[in-house]
Protein chains: 2
Amino acid sequence: MFDLDLRSRKPIYEQLVEKLKELIIHEVFKPDEQLPSVRLLAKELTINPNTIQKAYRELEREGYIYSIPGKGNFVAAKKETVNTEKIEKIKEEMMKLFQEALYIGIKKEEILIMLTQAEQMVKGGESNDPS
Amino acid sequence: MFDLDLRSRKPIYEQLVEKLKELIIHEVFKPDEQLPSVRLLAKELTINPNTIQKAYRELEREGYIYSIPGKGNFVAAKKETVNTEKIEKIKEEMMKLFQEALYIGIKKEEILIMLTQAEQMVKGGESNDPS
DNA sequence: TTAACTGTATTATAATTTATAATACAGTTT
DNA sequence: AAACTGTATTATAAATTATAATACAGTTAA
């Protein structure tokens, strides 16, 4: 289900957060769907349950999942994910990345193409602003 | 010259790399300009010289600066900064960020505006492809 | 040429972060 | 009741980050 790089300088739990976020964004895990239990996923990935828990906590903090003690962890509805602070953070990160990209010579046109590609990859669950 | 958050979970040397990169990108430090010496900057920021050195090494590894032992550290010319591996890495990061941004509801139009803003902030040193 | 700069390297130590391990407790489901 | 869930705690190990104290060699300028 995942492939983690245990030798990476990037902490395992951070890699987990990234991977799970991707699966949620691409709707491999759909809203209200139950995620693998802490113990099961730990067993599958042969890493410590506490590490899984740490990743789930972070995803919950960011609004991507919610948990019901005794039942499990579930994918949050898109609306729940939205958060002003988070939006600002992502925008800031994006500005930095744009500047770095342009500085090293990546063309605006190329970035536009990538944006369109990203759009196609994410859209399909378009539940925002159906007006 | 910089303001670092010593309490942040983000390592000091990483913060330094980010800040210095920004200054280079915005040409506060221009190509071939000498950066503050390891010892001087350490004194100014009241952090350990080894930490500065670590940041400078990382910037050199990424191609943003070069060093001449005995003389100092200097801003690399833009051309030297370019690197296929680096470009791919940035593109990958950008795709992820786009997907996350679109998922949480940031509109494509808004992203376009940001890109234009970034363009204006970086351009002015346009030495690429003057054809 | 000496003094005062530069970068770089090394070694030791401390502090923090990350990961594992072993349990325990409470809620849920069958 | 048994077997799941999430959560919490405590201890320990391992890795990363930061500091400290030096040392050595190249550069620059008095």
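Note on naming: letters A, B, ... go to the chains in the order of the sequence lines (proteins, then strands), and numbering restarts at 1 for each one.
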SB check [X] [Y] (cutoff 4.0 Å):
X	Y	result
A:Glu58	A:Arg61	yes
A:Glu100	B:Lys86	yes
A:Asp3	A:Lys19	yes

Discussion item. Quick check: on DNA chain D, is the nucleotide nearest A:Val38 upstream (toward 5') of the one nearest A:Arg9, or the reverse? Name the residue that is more 5'.
Written reply: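 Looking at the nearest nucleotide for each, A:Val38 comes out on the 5' side.
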From [atom1] of [X] over to [atom2] of [N], roughly how many Å is that when rounded to an integer?
X	N	atom1	atom2	answer
B:Leu40	C:dG7	CG	C1'	14 Å
B:Ile47	C:dA15	CD1	P	18 Å
A:Asn48	D:dA11	CG	C1'	13 Å

- Item | Closest-nucleotide 5' rank along DNA chain C - winner of B:Pro36 and B:Asn50 |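 Closer to the 5' end of DNA chain C: B:Pro36.
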- Item | Earlier contact from the 5' end, DNA chain C, for A:Lys71 and B:Pro69 |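 Its nearest nucleotide lies further toward 5', so the answer is B:Pro69.
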Discussion item. My understanding is that a pair needs two contacts under 3.5 Å, Watson-Crick or G-U wobble. By that rule, which nucleotide pairs with C:dT23?
Written reply: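 Base partner found: D:dA8.
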- Query: C:dA19 phosphate, OP1 or OP2: any side-chain N/O from A:Tyr13 under 4.0 angstrom?
  - Reply: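 False: A:Tyr13 side-chain N/O out of range (4.0 Å or more) of C:dA19 OP1/OP2.
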Under 4.0 Å between a side-chain N/O of A:Ser67 and OP1 or OP2 of D:dT7, yes or no?
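Answer is yes, contact under 4.0 Å.
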**Asked** Taking atom types as they are modelled, is there a donor-acceptor pair under 3.5 Å from the base of C:dT8 to the side chain of B:Arg39?
**Response**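 Check passes, donor-acceptor contact within cut-off.
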In terms of side-chain heavy atoms of A:Thr51, which of C:dT8, D:dA18, C:dT20 is nearest?
->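 In terms of side-chain proximity for A:Thr51, the closest of C:dT8, D:dA18, C:dT20 is C:dT20.
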Does B:Glu33 use its side chain to pair, donor to acceptor, with the backbone of B:Lys30 at less than 3.5 Å?
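Here the side-chain-to-backbone pair exists.
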- Task: Have a look at B:Arg57 and say if it touches a base, only the backbone sugar-phosphate, or nothing, with a 4.0 Å heavy-atom cut-off.
- Result: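 The answer is sugar-phosphate, as B:Arg57 gets under 4.0 Å only of primed atoms, P, OP1 or OP2.
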